[in-house]
Amino acid sequence: MFALVDCNNFYASCERVFQPALEGRPIVVLSNNDGCVVARSAEAKALGIPMGKPWFKVAPAVRGAGVVVFSSNYALYGEFSRRVMQTLTQFSPRLEVYSIDECFLDVGGHRGDLTALGQAIARTVRRWTGIPVSVGIAPTKTLAKVANRLAKKGQAGQGPVCHWGEVAAPREALAALAVEDIWGIAARWGGRLRQAGVATALALAEADPSWLRRLGGVVLERIGRELAGCSCLPLELVPPAKKQIMVSRSFGERLSSLTDLQGAVAAFAARAGVKLRRERLRAQAVTVFVQTSPFADAEPWYANGVTLVLERPTQDSGRLVQCAQEGLTRIFRPGLRYQKAGVLLMDLTPAGAEQGLLFASQTPDSPATMRLMTCVDTLNREPARRVVCHARELVSTRWQMRQQRKSVNRPTDWAHLPVVHA
DNA sequence: TCTGGGGTCCTAGGACCC
DNA sequence: TCTGGGGTCCTAGGACCC
């Protein structure tokens with residue numbers, strides 16, 4: 001049995017924990033650069049604010065409704081995510097952290113009422129972290145997703161918990177679920193399935209698995225079987241090693257000069273290096289890409305990227321910054337207003353293993369370099385603190401994002417720790 | 001004025017191996 | 001009449017997730 005624990009309106013709920021006055025008020029959280037709506041409180045959903053739409057297009061329609069707007073604060077959400085997942089380990093040692101706000105638990109070993117267990121989970125997470133969650137319990141991951149959806153809608157009648165085994169009319173529940181609302185099926189596949197006469201989760205659950213495989217490959221067949229109660233997607237207890245690491249950002253303002261882009265790309269490469277070392281990996285290929293705005297109809301559209309392959313894999317931010325700069329000079333075209341750039345690390349290998357080379361011209365990362373990286377990472381460890389950086393990162397910081405409504409980090413920043421008066 | 005970031009998996013097809 | 005069988009590696013493209 002799987003339990004899917006999903007935080008309700010996660011980013012909005014995080015913002016509310018230290019500002020209880022926001023309880024009951026509509027909250028939206030915007031994407032990086034204060035662009036699109038990426039999270040909404042229940043009150044904001046009730047106002048009809050859509051997900052994923054640019055805020056500047058949405059805002060006029062809800063002016064005067066008292067909507068509280070936040071820039072996204074990933075240091076804060078990451079900390080709350082860590083606390084929620086830590087709390088969940090109380091209830092099962094076998095868990096898969098599926099995303100920043102979702103976790104699958106193996107509750108197969110639980111003796112006793114699973115609905116009561118779900119309620120204990122929701123109660124404890126709320127009390128220990130301040131975050132409200134919903135719990136769906138079922139014999140497959142896909143059905144746990146369905147059950148979680150019912151729990152969120154309060155259709156199970158058990159508060160924020162739905163145990164699939166106790167749903168009074170499971171066939172009717174599946175028949176009421178549109179095919180594109182199933183986990184793993186989005187607009188494209190939804191359209192194709194509808195054309196083939198499959199419009200609901202019930203129809204998919206009852207379809208012939210071999211027919212599903214011919215139509216949509218092994219992925220679709222698994223979804224069908226999972227909906228029918230046959231578990232095909234196991235719990236991933238050990239997170240698999242990353243295959244690529246990306247750092248990319250839209251700029252706070254359009255940039256035209258090579259110098260401004262150099263500053264941005266250096267900062268992205270250095271940030272990617274930090275992530276690389278945290279994962280104990282090395283990279284052998286570095287891609288850098290730039291693009292102009294896809295929305296500026298009056299301007300020429302330009303998007304380009306280039307990949308540089310190293311002779312030996314590296315963990316050295318200096319090498320990564322250097323590579324990214326070299327790539328940038330190859331794809332930079334003057335006279336354009338760039339909107340976004342990014343650095344992608346690929347061909348990742350574990351830091352401990354070294355493939356020898358017979359005719360090597362480059363040297364591997366030296367012990368001195370690695371000590372330097374460790375030292376720099378330690379100095380910069382505090383979130384959003386940058387004590388030491390590459391000079392290239394300082395040639396320009398004009399790329400930095402708009403974040404006009406970012407909250408402070410009460411749980412992780414000494415300067416903003418809440419004070420309790422007795 | 002303004003439009004996110006970071007990932008994964010699967011398949012088909014080409015090239016190549018013995 | 002009948003034209004092998006079994007495999008790997010790589011890449012591009014499509015689709016999906018939160």
Side-chain angles (χ1 to χ4, degrees), chain A residues 4-11 28-40 50-60 69-74 77-78 81 96-104 141-142 145 148 179-193 212-223 232-233 236 239-254 268 271-272 275-276 279 281 285 287 289 291-299 301 305 307 309 337 339-348 399 401-405:
Chain A
L4 172 63
V5 181
D6 190 323
C7 301
N8 300 345
N9 317 319
F10 182 54
Y11 297 171
V28 302
V29 180
L30 304 181
S31 61
N32 272 332
N33 235 8
D34 293 346
C36 299
V37 175
V38 293
R40 307 157 294 161
M51 182 73 169
K53 288 277 158 37
W55 175 241
F56 75 92
K57 287 188 175 177
V58 176
V69 182
F70 288 98
S71 304
S72 36
N73 184 345
Y74 288 102
Y77 312 149
S81 177
E96 172 188 343
V97 177
Y98 175 67
S99 75
I100 193 165
D101 71 335
E102 282 176 66
C103 186
F104 286 104
K141 282 178 157 183
T142 307
K145 277 271 191 183
N148 193 284
V179 73
E180 44 279 288
D181 290 334
I182 298 166
W183 186 40
I185 294 174
R188 295 289 173 88
W189 274 115
R192 279 184 228 178
L193 282 164
L212 287 177
R213 178 177 281 248
R214 282 197 303 279
L215 185 69
V218 67
V219 176
L220 189 62
E221 181 188 347
R222 281 192 197 128
I223 294 172
C232 308
L233 303 170
E236 286 191 352
K242 284 199 186 304
K243 296 178 176 175
Q244 53 183 47
I245 289 173
M246 169 132 79
V247 177
S248 74
R249 294 284 182 278
S250 295
F251 308 137
E253 55 179 303
R254 303 284 182 264
F268 301 164
R271 174 79 193 131
K275 291 187 182 186
L276 187 68
E279 300 283 334
L281 294 169
T287 298
F289 65 88
Q291 64 176 56
T292 59
S293 171
F295 303 100
D297 295 335
E299 296 177 35
W301 158 247
T307 301
V309 177
R337 295 171 71 238
Q339 176 247 358
K340 181 178 182 174
V343 170
L344 178 62
L345 306 182
M346 295 174 303
D347 287 2
L348 307 183
W399 62 272
M401 295 182 290
R402 270 191 311 276
Q403 289 189 318
Q404 294 180 339
R405 300 159 183 274

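Labels below follow one simple rule: chain letters A, B, ... track the order of the sequence lines, proteins then strands, and each chain is numbered from 1.
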Would you mind classifying the nucleic acid contact of A/Trp55 as base, sugar-phosphate or nothing, using non-hydrogen atoms under 4.0 angstrom? nothing
Between A/Phe104 and A/Tyr98, what is the ring plane arrangement, given parallel below 30°, perpendicular above 60°, and tilted in between? perpendicular
Encode nucleotides 4-9 of chain B as B, S and - characters from 5' to 3', where the letter depends on protein heavy atoms closer than 4.0 Å: B to the base, S only to sugar-phosphate, - to neither. SSSSBS
Tell me whether A/Arg405 at atom CZ has more than 12 heavy atoms from other residues, nucleotides or ligands lying less than 6.0 Å away. no
Whole Å only: how far is the CZ atom of A/Arg188 from the C1' atom of C/dC16? 11 Å
A/Leu4/A/Glu102 under side-chain contact (heavy atoms from CB on, under 4.5 Å): CA gap, chis, key distance, verdict: CA-CA 7 Å; A/Leu4 172 63; A/Glu102 282 176 66; 3.9 Å; yes
At under 4.0 Å between heavy atoms, what does A/Ile185 touch on the DNA or RNA strands: base, sugar-phosphate, or nothing? sugar-phosphate
Would you say C/dC18 has OP1 or OP2 under 4.0 Å from some side-chain N or O of A/Lys145? yes
Heavy atoms, side chains only, cut-off 4.5 Å: are A/Thr292 and A/Gln339 in contact? no
Expressed as a whole number of Å, how far does the C1' atom of B/dG4 sit from that of C/dC17? 15 Å
NA contact type, A/Asp101, heavy-atom cut-off 4.0 Å: base, sugar-phosphate, or nothing? sugar-phosphate
Any side-chain heavy-atom pair of A/Trp399 and A/Phe268 under 4.5 Å: yes
Considering all heavy atoms of both residues, which atom of A/Val343 and which atom of A/Phe289 are nearest to each other, and what is their separation? N-CE2, 4.3 Å
Heavy atoms only, 4.0 Å cut-off, all strands: where does A/Ile182 land among base, sugar-phosphate and nothing? sugar-phosphate
Can you tell me if the side-chain N/O atoms of A/Arg402 get under 4.0 Å from OP1 or OP2 in B/dT3? yes
Any chance you could encode DNA chain C as dot-bracket? Rule is Watson-Crick or G-U wobble with both distances under 3.5 Å; [ ] for pairs crossing earlier ones, | for another strand. ....||||||||||||||
Taking the side chain as every heavy atom from C-beta outward, state whether A/Asp101 and A/Tyr77 have any atom pair closer than 4.5 Å. no
Taking for each residue the nucleotide of DNA chain B bearing the nearest heavy atom, is the 5' side occupied by A/Val218 or by A/Ala296? A/Ala296
Given atom CG of A/Leu30 and atom P of B/dT1, what is their separation to the nearest angstrom? 19 Å
Interatomic distance, A/Gln404 CD vs B/dC2 P [rounded to whole Å]: 14 Å
A/Ile185 side chain near A/Leu220 side chain, heavy-atom distance below 4.5 Å: yes
Taking CZ from A/Arg254 and P from B/dT1, how many angstroms apart are they, rounded to a whole number? 12 Å
Please report the distance, rounded to the nearest Å, between CH2 in A/Trp183 and C1' in C/dC18. 11 Å
Atom pair distance, as rounded to whole Å: CH2 in A/Trp189 and P in C/dC17: 13 Å
Side chains of A/Leu193 and A/Leu215, heavy atoms from C-beta outward: is any pair under 4.5 Å? yes
Nearest-Å distance for atom pair CD/C1', residues A/Glu102 and C/dC18: 7 Å
Whole angstrom is fine here: how far is it from CD in A/Glu221 over to C1' in C/dC16? 18 Å
Would you say the side chain of A/Pro239 lies within less than 4.5 Å of the side chain of A/Val97, judging by non-hydrogen atoms? no
